[in-house]
Amino acid sequence: MGAGRSVVLLPGDGIGPEVAAEAAAVLRQVAANAGLDLKIEEFPVGGAAIDAAGEPLPRATLDAARSADAVFLGAVGSPRHETVARDRRPEQALLGLRKGLGVYANLRPVKLHPVLAEASPLRPERVRGTDLLIVRELTGGIYFGAPRGIEGQGNGRVARNTMVYSVGEIRRIARVAFEAARGRRKKVTSVDKANILETSQLWREVVDEASREYPDVRLEHLYVDNAAMQILARPADFDVILTENMFGDILSDEAAMLAGGIGMLPSASLGEGPGLYEPVHGSAPDIAGRGVANPLAAILSAAMLLRHSLGLPAEAERVEAAVGRVLDAGARTADLARPGEAVLGTRDMGQRVRDALARVAA
Ligand code: IPM
Ligand code: MG
């Protein structure tokens with residue numbers, strides 16, 4: 001094989017280390033099987049980094065991330081650090097990483113594995129056929145806009161955030177959505193609030209313009225409130241959902257419930273440099289350290305890493321197929337199990353996937 005590849009592993013907080021360990025084990029197995037020289041190096045991030053180095057995103061962590069082929073993050077956020085100033089909270093690490101790596105395109109596939117139809121709080125006949133991709137703009141909008149802050153005194157104390165988008169930012173994320181749609185069912189639903197917000201008016205204008213480069217892809221626009229409703233009413237109708245940073249944050253948690261819950265949702269964040277991969281779920285402090293978290297979102301994120309950063313689409317598909325097989329065989333973590341069903345812990349679920357992977361790869 002040629003030169004080795006490198007992944008920076010950022011386990012983070014709460015259940016992050018538990019699920020990241022399973023994802024890393026899958027990556028190691030794939031690499032061994034494919035004869036790929038893969039180096040996986042760990043760095044602190046989030047609350048864990050505040051404890052170790054006094055800040056959520058230490059310079060050494062960001063530098064290592066920048067020079068890797070890909071970055072895998074478990075989760076950040078810990079109740080112990082919730083009361084500190086905003087710029088020192090664990091979540092800042094995530095925003096700093098996204099901005100620092102320039103990963104403006106966040107892909108969140110929401111695909112219902114058929115046997116999990118019963119695990120959704122929605123009726124199985126309603127969620128059946130759900131296979132959508134949320135393309136969320138990740139480095140702009142109200143998350144990063146200036147001015148921001150809290151100032152003043154008493155009743156006059158004000159807080160301010162700014163939602164701002166440029167044509168360039170909108171155009172590049174729109175193209176990601178149209179390109180993705182080309183490899184799927186060729187439909188893009190752009191979600192905005194153009195009846196109220198100027199940022200959304202510009203968004204709609206630029207998306208319409210970009211769509212002319214993709215005459216083979218159908219484009220529709222929905223207001224975000226209506227989209228929130230339609231996603232529940234007719235989930236199987238959606239293919240690619242294109243939206244700005246905060247709307248995408250909200251809609252992706254909602255959409256997760258169509259596919260067996262947030263424990264099933266992987267993500268890839270892409271830009272010009274290394275990609276950042278993370279399960280969409282948080283650090284879940286309430287179940288941390290108990291070995292009960294669902295590692296499948298992390299493992300499916302590792303599959304996305306193989307596909308988008310290591311150029312191994314066939315290996316990615318094998319990992320996804322292995323996850324499908326263990327679900328078909330009835331393996332369930334606590335979040336997926338129905339009353340009376342046997343429940344596997346994090347490690348056992350990870351092991352089942354690796355066993356299935358060995359068979360799929362053979
Ligand atoms: C997500 C998370 C993050 C976000 C938080 C942890 C900063 O909710 O990735 O969806 O809001 O983007
Ligand atoms: Mg979120």
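Order of appearance sets the numbers: ligands from 1, and atoms from 1 within every ligand.
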Exercise for review: Find out whether Leu344 and Val326 are in side-chain contact, i.e. whether some heavy atom of one side chain is under 4.5 Å from a heavy atom of the other.
Suggested key: no

Atom 8 (O) of ligand 1 sits nearest the protein heavy atom Asp249 OD1, 3.2 Å

Heavy-atom closest pair (Val115 atom, Asp328 atom, distance to 0.1 Å) is CG1-OD1, 3.5 Å

- Message: Against the six-membered ring of Phe238, is Arg234 placed for a cation-pi contact (under 6.0 Å from the centre, within 45° of the normal)?
- Response: yes

If you scan protein heavy atoms around atom 5 (C) of ligand 1, the nearest is Leu94 CD2, 4.3 Å

Apply side chain to side chain donor-acceptor pair (under 3.5 Å) to the pair Gln351 and Arg354, showing each step before the final yes or no.
CA-CA 5 Å; Gln351 186 61 53; Arg354 295 196 297 281; 2.8 Å; yes

query: Would Gln29 and Asn33 count as a side chain to side chain donor-acceptor pair (under 3.5 Å) if you check the C-alpha gap in whole Å, the side-chain angles of each, and the deciding distance to 0.1 Å?
result: CA-CA 6 Å; Gln29 180 167 324; Asn33 204 54; over 6 Å; no

*Ignoring hydrogens and geometry, is there a side-chain-to-backbone donor-acceptor pair from Glu341 to Val343 under 3.5 Å?*
no

Atoms of type N, O or S from the protein that sit nearer than 2.8 Å to the Mg ion (ligand 2) number exactly 1

protein heavy-atom neighbour closest to atom 4 (C) of ligand 1 works out as Tyr143 OH, 3.4 Å

**Message:** Just to check, does Arg89 reach to within less than 4.0 Å of ligand 1 when the distance is taken from its heavy atoms?
**Reply:** no

Min over Glu91, Arg98, Gln92 of heavy-atom distance to atom 12 (O) of ligand 1 lands on Arg98

Discussion item. Parallel, tilted or perpendicular, judged at 30° and 60°: which one describes the rings of Tyr277 and His308?
Written reply: parallel

Taken to the nearest 0.5 Å, the spacing of Ile142 CD1 from Met246 CE works out to 4.5 Å

Exactly one candidate in Ile231, Leu265, Leu133 meets side chain to side chain contact (heavy atoms under 4.5 Å, CB included) with Val110; the answer is Leu265

Note: ligand 1 atoms sitting under 4.0 Å from heavy atoms of Arg136 are 1 (C), 4 (C), 9 (O), 10 (O), 11 (O), 12 (O)

The atoms of ligand 1 lying under 4.0 Å from a heavy atom of Arg108, numbered in the order shown, are 1 (C), 9 (O), 10 (O)

